[in-house]
Amino acid sequence: MTTRLMVRDRVIELVRAALVRGAAEGKWPEGEVGFTVDAPRDPRHGDFAVNAAMVLAKRAGRPPRELAAGIVEALRAVDTAGELVSLEVAGPGFINLRLNPDLWLRALERAVAAGPAYGRTTVGQGRKVIVEYVSANPTGPMHVGHGRNAVTGDGVQSLLRWAGYDVTREYYVNDFGAQVQTLGRSVHLRYQEALGRTVEFPAKAYPGEYVKEIGAALAAEFAGTYLDAPESEWLELFRDRAVEHVLGMIRGDLGAIQIQFDRWSSEKALYQSGTVERFIKDLEARDLVYVGQLPPPKSKKGAGSPPTGGAAAPPAGGTAPAQPPAGPDEEGMSASDQLTLFRSSSFGDEVDRPVKKADGTPTYFCADIAYHWEKRQRADLLIDVLGADHGGYVPRLKAAMEALGHSRDDLHVVLIQMVNLTRGGEAVKMGKRSGNVVWLREVVEEVGCDATRYLFLTRRSDAPLDFDLELAKKQTLDNPVFYVQYGHARLHAIFRKAAETGVALPSFSLDDARRLTSPEETELVRRIASFPDLLAGAAQAFEPHRVVFYLQEIIAAFHSWYTQGKRTGERVLGSDPGTTRARLFLCLGLAQVIANGLAVLGVSAPQRMELPETGDIGADA
RNA sequence: GGGCCCUUAGCUCAGAUGGAUAGAGCGUCGGACUACGAAUCCGAAGGCCACUGGUUCGAAUCCAGUAGGGCCCA
C-alpha cells in the first residue's frame, strides 16, 4: 500500500512550506521552527491550531499576531489545491484552520479501504527493537503482578509493530542464580518425600504444589539414585528439570492470555556460550573495570555495618510485578572483598557496581549487562518492561549502555506498578508472609482473557492499578471492556439489520459521504482519521493505555450519536438512500477502528454478544 | 538517611513533544425506549490541578524547594 499522508501530516507539510516561503521572501528569519499542529479542544476553533507564529516571535523579534497574519498569507499562497478553507489568527497568535471537509471524508475512505491494516504506519522505519518483558524467574507460575507486566509489554510490542518497527519479543530466563538453586533443593526435598522419607521444609524452600509434582516425577524417573547422594551430583540436574517444568507452566500461563515470545534467552546459556566471558574481556579492553572494594554503606549507624548475607529472596512473590533478580548485594559480598568493579559511576550511576565477586565468578548484574550488550548487537533499540521495584536498577543499566559506546536512550525501561486485587471493592489478601499468592491463571479462568488484558491496560503503567474481580466479570457498562465490545457488536447489529432489509453495505462515494454533516458525524469522522496518529504516538511513548482511552472515547461518541438518532428519527438506516449509505459507511469505519484498536491490545472484537439472563427481550410479554 | 515514581471533582483516573473556558467513568439528583442491542443515552451538581517560588507570550504539564503517599536501597 502506498504511504498516504494522514490528515494532520498534510497540514504540517503545508505549514512548513509556508514558513519556507515566507523566509525566502524575507518576512522572517530562516531555519527550522518547532511548531505544533494540534486539534483544539474547542471545535469552534477549527480543525487544527498552529502555534508557529508564537514560536517564531522570539527569533523574529516581532509580535506573534503580526507574524501569524504573515503566515496565513503564505499558507494561502502555498495552498494551491484549496485544501484549507478557512484560516484565522486567534488568541495570542494561534492560526486556526479548517480543512476542506472532503479531506476528512477521504480519510474515512482510506480507513475502510485499509481494513484490518488501518492504523499501521511506518514511523518506526523498520528499526530493530527488542522488547523484553515478563522475564519472571522460573521458580513458579505467573502471579497477577506478572500478568500486568506481560500484558503491558505485549501491548508495547504490538504498538511498535503497528508503527513499523521490526520487533522481537523476548523473555529472559534467570535459570542460573541462587533462586533456581533453591528451587532445585526444594524439589529434592519433595523427591525424598515422594520416596517415603519424612523431611522438614526450611522456610526458604518453595512451597507450591508444583514442587511436589516435579519431585514426584523425578522420584518415578530416578528412584532412589539421588536419595543420599551429595548435592554436587544432583543439584544441577534437579534445577534444570525443575526450571524446564516451571517454564512449561509459565508458557501455559502466557498461552491463557495469548502471549507468545519470539525468543527465550537463557542466563545459563550466556555463561555456557562464553558471552559473559567475552563481555568481561570487552570491559577490560575498554578499561571500564578495576579491582577494589565496595564503597562503605552510607548508613550512619557505625561504619562497616556488614551488608546482609546471601539469603535467597523469598520464594513466592506477593504482588510485585516481576520477581526481583538477586541484586549484587544479595550475592554474599562483604565490604572487605576484593571485587572487580565496573566504572558505572562515571556514567551516571551512584556508585561503581561489582561485576565479579571475590572468588572471580561474575555477579548477576554482570550477566545482565552482558545480556543487554548482546541484545544491543541484535537491535537498535531495547525496551525492558520491569516491575517498579526495579526502578533503582535502571540507572546502572543505562550507565552500562553508555559505557559500552551506545546512547543511554537506546534502552528504554517501562516500569510497571503494583496490582491491588480486589473483589467487590475488598482487598484480596495477598502477601509474601501469608504465602497467599493469586496466580494469573486463576484470574484468567475467572474473568476471561479479554477482560484480563483490557483491564490491565486501563491505567498508565507507572500508576498502581486496582483490579476488581467482580467488576471484570460484570456484563454491564461499569466494565470498560464490555462497553467497547458492546459498541462493536452494536455496529454489527446495524449491518445485520441492513442485510435483513436488503440494504447493501456501501462502497465509498464522496457525494454520499458529504451528507455526513452533523457535528456528531464530523466528529466521528475526525476521530477515525486520527487513529493512525494515535497509534504512532502511543508507540513512541510506549504507552498502550492510550489506545484504551481512545477506544473508550470513540465508542462513547458513537453510542451518543446512535441514541440521539433514535430520538430524532435520524437513524442509520433511513428513508433517504444516499444518507443511509453515508451513515452505513461511517459505521464501517467505526467498526474497523474499534476492531483494529482492540486487535492492537490483543482483545477480541465480537460481532455479536449474548444477552444477559435478565433481559430476555425476545420473549413475548 | 539516599534514589526513583506519584499527588487533578466525593471515589477511580485521563490529560501526546507547554496552548485558548482542565475532561471521562462511578456515585448523587432529574430525564429518554411499540427496539437497526436501554448492555445505551441526555441533563444537572461537583475543581486552590497538594503547597510555594521560578522559567515565558502562555504552566496541571518544564525547573527548584516544601508537605504527604508508594517502591527500592541502607
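The structure displayed is predicted, hence computed values, not measured ones. Each chain gets a letter, A, B and so on, in the order its sequence line appears, and its residues count up from 1.
- Distance noted for atom C1' between rA20(B) and rC29(B): 32 Å (whole Å).
- Counting to the nearest Å, the P atom of rC72(B) and the CG atom of Asp389(A) are 6 Å from each other.
- The base of rA20(B) lies close enough to the side chain of Asn96(A) for a donor and an acceptor atom to sit less than 3.5 Å apart.
- Per the stacking criterion (ring centres < 5.5 Å, plane angle < 30°), Tyr483(A) does not stack onto the base of rA39(B).
- The CG atom of Leu19(A) lies 11.0 Å from the NZ atom of Lys27(A); values are rounded to the nearest 0.5 Å.
- In this entry the distance linking CG of Asp38(A) with C1' of rU61(B) reads 13 Å, nearest Å.
- Listed candidates were rU17(B), rC41(B), rA20(B). Nearest to the side chain of Thr36(A) is rU17(B).
- Heavy atoms only, all atoms of each residue included: Phe48(A) and Pro40(A) are closest at CA-CD, 3.8 Å.
- Atom-to-atom, CG of Leu97(A) to C1' of rA20(B) comes out at 15 Å; the value is rounded to the nearest Å.
- Nucleic acid contact class of Ala90(A) (heavy atoms, under 4.0 Å, all strands): base.
- With respect to Arg16(A) and Glu13(A), no salt bridge is recorded, no charged nitrogen being found less than 4.0 Å from a carboxylate O.
- Within the 4.5 Å cutoff, no side-chain heavy atoms of Leu465(A) are placed close to those of Asn420(A).
- If you find the closest nucleotide of RNA chain B to Gly569(A) and to Asn51(A), the one lying nearer the 5' end belongs to Asn51(A).
- Among the nucleotides rA20(B), rC41(B), rU17(B), the one closest to the side chain of Arg567(A) is rC41(B).
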*Evaluate ring-ring contact (aromatic ring centres under 6.0 Å, His included) for His45(A) paired with Phe94(A), printing each intermediate quantity in order.*
CA-CA 10 Å; His45(A) 289 144; Phe94(A) 287 104; 8.0 Å; no
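- Taking a pair as Watson-Crick or G-U with both hydrogen-bonding distances under 3.5 Å, the stems of three or more pairs touching RNA chain B are B:1-7 with B:67-73, B:10-13 with B:23-26, B:28-32 with B:40-44, B:50-54 with B:62-66.
- No engagement by Ala498(A) is indicated, since no non-hydrogen atom pair under 4.0 Å with the nucleic acid exists.
- Arg527(A) has a carboxylate O that lies under 4.0 Å from a charged side-chain N of Glu553(A), or vice versa, which qualifies the two as a salt bridge.
- Residues Glu88(A) and Arg98(A) are not paired through a salt bridge, judged by the lack of any N-O separation under 4.0 Å between the basic side chain and the carboxylate.
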Below 3.5 Å between N/O atoms, which protein atoms pair up with nucleotides 13-15 of chain B? Just atom names and distances, please.
residue : atom : partner   : partner atom : Å
rC13(B) : O5'  : Arg459(A) : NE           : 3.1
rA14(B) : OP1  : Arg460(A) : N            : 2.9
rA14(B) : OP2  : Arg460(A) : NH1          : 3.4
rG15(B) : OP1  : His545(A) : NE2          : 2.7

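- Listed here is the closest heavy atom pair of Ala557(A) and Leu524(A): CB-CD2, 3.7 Å.
- Applying a 4.0 Å cut-off to non-hydrogen atoms, none of the residues of residues 575-583 of chain A approaches RNA chain B.
- What separates CG of Leu534(A) from P of rU17(B) is a distance of 14 Å, to the nearest Å.
- Atoms CZ (Arg59(A)) and P (rC57(B)) sit 14 Å apart, rounded to a whole Å.
- For Thr563(A), the side-chain atoms get nearest to rC41(B) when compared with the rest of rC57(B), rU17(B), rC41(B).
- Straight-line distance between the C1' atoms of rU17(B) and rA59(B): roughly 15 Å, to the nearest whole Å.
- Nucleotides rG25(B) and rU8(B) have their C1' atoms positioned 15 Å apart, rounded to a whole Å.
- If you take CZ of Arg608(A) and C1' of rA39(B), they are 16 Å apart, rounded to a whole angstrom.
- Heavy atoms only, all atoms of each residue included: Phe467(A) and Ala472(A) are closest at CE2-CB, 4.1 Å.
- One atom, CZ of Phe558(A), and another, P of rC41(B), lie 10 Å apart when rounded to the nearest Å.
- Per the geometry, CD belonging to Glu500(A) stands 15 Å off P belonging to rA35(B), to the nearest Å.
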*I would like to know whether Leu588(A) and Leu586(A) meet side-chain contact (heavy atoms from CB on, under 4.5 Å); could you show each step before the answer?*
CA-CA 5 Å; Leu588(A) 285 173; Leu586(A) 176 59; over 6 Å; no
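- Between Asn596(A) atom CG and Leu601(A) atom CG the span is 11.0 Å, to the nearest 0.5 Å.
- The closest side-chain heavy-atom distance from Cys587(A) to Trp561(A) is below 4.5 Å.
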*Please test His492(A) against Phe495(A) for ring-ring contact (aromatic ring centres under 6.0 Å, His included), starting from the C-alpha separation and ending with a verdict.*
CA-CA 5 Å; His492(A) 278 270; Phe495(A) 302 149; 5.2 Å; yes
